[in-house]
Amino acid sequence: MIAAAADPCKAVPDRGRAPAWLGPGSTFSGPVRYVGDGDSLCVGVGPTPAQWVEVRLADFYAPELSDRGGPEAKTALARIVQGRRLTCIADHQTYDRIAAYCRIEGRSLGDLMRRAGVREGGRGVR
């Protein structure tokens with residue numbers, strides 16, 4: 001994974017619509033290239049950042065990085081996904097990201113985060 005100050009994932013434009021291949025219900029997979037926080041990461045569908053999809057986990061709401069537990073959630077997500085390949089099913093576009101349900105070897109990434117003891121509590125928690 002690369003460390004970067006700004007999100008390097010560029011498959012979805014900063015403004016505008018996601019490409020059709022990332023529409024609701026579509027499946028995409030690849031290695032994790034970058035972890036932004038406790039519930040967002042980049043999936044490298046291809047070799048360049050133009051083919052990296054920023055994903056917002058649809059089934060886990062981590063605390064914001066600036067909130068209590070946020071940095072620990074990011075560390076836990078990075079530890080879980082490091083060197084792994086994800087398979088994701090797109091749910092919808094949210095800003096320049098795709099909200100998606102992602103799995104590692106058939107196991108839900110949201111469930112893996114909960115099993116790791118990461119508490120939910122971000123703004124998107126229901």
Taking side chain as C-beta onward, heavy atoms only, is [X] less than 4.5 Å from [Y]?
X    : Y    : answer
R97  : V12  : no
V81  : L112 : no
Q93  : L22  : no
S29  : R85  : yes
P8   : R33  : no
K74  : V35  : yes
Y101 : D91  : yes
R56  : Y61  : yes

Would a distance-only check, ignoring hydrogens and angles, find a side-chain to backbone donor-acceptor pair under 3.5 Å from [X] to [Y]?
X    : Y    : value
S26  : A90  : no
D37  : S40  : yes
S108 : D111 : yes
D39  : A62  : yes
Q82  : R79  : no

Next item on the list: Ignoring hydrogens and angles, state whether a donor on the side chain of Q51 or T48 is under 3.5 Å from an acceptor on the partner side chain.
Entry: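 Yes, T48 and Q51 have a side-chain donor paired with an acceptor closer than 3.5 Å.
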Roughly how far, to the nearest 0.5 Å, is [atom2] of [Y] from [atom1] of [X]?
X   : Y   : atom1 : atom2 : value
L65 : E72 : CG    : CD    : 10.0 Å
C9  : L41 : SG    : CG    : 8.0 Å
L77 : L57 : CG    : CG    : 6.0 Å
T94 : E54 : OG1   : CD    : 9.5 Å

Note to self: If the threshold is 4.0 Å, N to carboxylate O, is there a salt bridge linking E105 and R84?
What the structure shows: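 Looking at R84 together with E105, the answer is yes, because their closest N to O distance falls below 4.0 Å.
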Using every non-hydrogen atom in the two residues, find where [X] and [Y] come nearest and quote the distance to one decimal.
X    : Y    : result
F60  : R119 : CZ-O, 4.1 Å
V43  : C88  : CG2-SG, 4.1 Å
M113 : I80  : SD-CD1, 3.6 Å
A18  : I98  : CB-CD1, 3.8 Å

Note to self: Using side-chain contact (heavy atoms from CB on, under 4.5 Å), reason through L86 and F28 one step at a time and then give a plain yes or no.
What the structure shows: CA-CA 8 Å; L86 298 183; F28 57 96; over 6 Å; no
Checklist line | In one Ile/Leu/Val/Met/Phe/Trp/Tyr side-chain cluster, 4.5 Å: I104, V55 | finding: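 Yes, it is one cluster - the side chains of I104 and V55 are joined through contacts under 4.5 Å.
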Check: Between W21 and T27, does a side-chain contact (heavy atoms from CB on, under 4.5 Å) hold up when you go through it step by step?
Finding: CA-CA 8 Å; W21 61 271; T27 300; over 6 Å; no
